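Dropping a structure here in structure tokens format, bear with me for questions.
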Number of protein chains: 2
Amino acid sequence: MTRPKEFDEAEVLDRALDLFRARGFKHTSFADLVKELGVSRQSLYDTYGDKQALYHAALARYLVRNLDRLRRILDEAAPVRQTFAELFDAMIEGNCANGAPGCMMVNAMVELAPHDAETRAVAARHVREVEGLYASRLSRAQRAGELARTKDPVALARFLYHTVLGLSVAARALGDRDNLRQSARIALQVLD
Amino acid sequence: MTRPKEFDEAEVLDRALDLFRARGFKHTSFADLVKELGVSRQSLYDTYGDKQALYHAALARYLVRNLDRLRRILDEAAPVRQTFAELFDAMIEGNCANGAPGCMMVNAMVELAPHDAETRAVAARHVREVEGLYASRLSRAQRAGELARTKDPVALARFLYHTVLGLSVAARALGDRDNLRQSARIALQVLD
DNA sequence: ACCAAAATGGAACAAGCGTTCCAAATTGAG
DNA sequence: CTCAATTTGGAACGCTTGTTCCATTTTGGT
């Protein structure tokens, strides 16, 4: 009964994601979006709402995808240390590839969190989620005898995520893949 | 022969620093600066140049101050581990206080480095400088027998700085001082 | 074939941006 | 006292921003 969309809603959202991730919210104008996504202003507004809504839709998509990958890696039946090594490597590769855009969540935390309550809430929830996943993997490692019982899985998880934040910043601003991998390997010493 | 400035050039620069540090470059308008610094547009232009020049002057001031504090702490005659603990604590306190603005260099790295060559160069130089200071303190620790010879001071320094980057992001977006201190303590385990 | 629904591109809008111009006020040196 | 220098606030500029309006085109179901 209606004319079908001439563009793939999800695919366009992905390209918006790439733009916002690389340039940030303020540095990406709506005109940029129209030009680079190849979709008319009005269609963008009708489909996604205003610029802020589009941004948050892209961010949400990014986070879901990130959590999926994270869960997939954590669920593998490998030793903890190897698992986190793989996790760090995947993160470094993803943050350095394609012009080193870094982590979109980190970029949002720095650019928007201080003056946007929604971003702050999204960030807090995501951080809690990731740290929770890390911690439960570490607890599992303790039960399996892979990790000393003296360690605090929650504190360790937080530290590991803080390391991820730092590596994401370095990836975006410096983009030195090998150095990041070396740092990640050192960070994993806390598991010994 | 001329009318003296009605404002203290350095003091105004400090207030500009606080604004840029808290809000970022794009999110701080020139009108904001005029209003919050209490200095007329024209005086700002005459004294500091345009917005970008003012920003970079503020950033440079921030970095000098940071490096001074860093050198002061590293030059103390305390054990390495205690020195770096103090260093992390000072950094956390500075990044969480006054509305948790985080580290201005980190903020610039995330917001500006990807599309501003000057910021990128400043960041690269600063990172090299800080990592160098860390590394030489670690080498000194090795010579003093405080740190195992098997460790690589340069890699360790890089890791410690990456940790600082991560803590700065968390400070700005989440502002949980105690968690950060706990993370910092865990990071220091790599010195053992 | 026709109509309702939805997409499209272009024009238009008000607001905010960084920046410059200008006239008036204020100062210190001679 | 006067003059040159330099301050200051306000008006103005041109540009970009995010957003909306509108007329047109294109589609699918009846």
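Since we're looking at a predicted model, the values are computed, not measured. Computed from heavy atoms alone, side chains included, the values below leave out hydrogens, waters and symmetry copies. All chains are named by letter (A, B, ...) in the order of the sequence lines, taking the proteins before the strands, and each is independently numbered beginning at 1.
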#### Entry: Between C1' of dA6(C) and CG of L44(A), the distance in whole Å
15 Å
### Message
Restricting to side chain to side chain contact (heavy atoms under 4.5 Å, CB included), what partner residues turn up for A77(B), sequence neighbours left out?
### Response
none
Nucleotide N/O of nucleotides 14-20 of chain C paired with protein N/O under 3.5 Å:
residue: dG18(C); atom: OP1; partner: K51(B); partner atom: NZ; Å: 2.5
residue: dG18(C); atom: OP2; partner: F30(B); partner atom: N; Å: 2.5
residue: dT19(C); atom: OP1; partner: D50(B); partner atom: OD2; Å: 3.4
residue: dT19(C); atom: OP2; partner: Y45(B); partner atom: OH; Å: 2.9
residue: dT19(C); atom: OP2; partner: K51(B); partner atom: N; Å: 3.1
residue: dT19(C); atom: O5'; partner: Y45(B); partner atom: OH; Å: 3.1

### Message
Enumerate the ring-ring contact (aromatic ring centres under 6.0 Å, His included) contacts for residues 114-148 of chain B, please, sequence neighbours excluded, ordered by first and then second residue.
### Response
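Matches after skipping sequence neighbours: H27(A)-H115(B), F84(B)-Y134(B).
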### With D152(B) via side chain to side chain contact (heavy atoms under 4.5 Å, CB included) - residues at least two apart
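For D152(B), the residues satisfying side chain to side chain contact (heavy atoms under 4.5 Å, CB included) (neighbours in sequence not counted) are Q182(A), V154(B), A155(B).
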Compile the donor-acceptor pairs under 3.5 Å between side chains in residues 185-192 of chain A and protein atoms, sequence neighbours left out, one pair per line.
residue: D192(A); atom: OD1; partner: R81(A); partner atom: NH1; Å: 2.8
residue: D192(A); atom: OD2; partner: R81(A); partner atom: NH1; Å: 3.0

### Task
Could you check how far OH of Y48(A) sits from C1' of dA7(C), rounded to whole Å?
13 Å
### A78(A): partners by side chain to side chain contact (heavy atoms under 4.5 Å, CB included), with sequence neighbours left out
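Testing A78(A) for side chain to side chain contact (heavy atoms under 4.5 Å, CB included), a comparison that skips the adjacent residues, returns Q82(A), T83(A).
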### Atom-pair distance (CG on L37(A); P on dG18(D)), nearest Å
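Nearest whole value for this atom pair: 13 Å.
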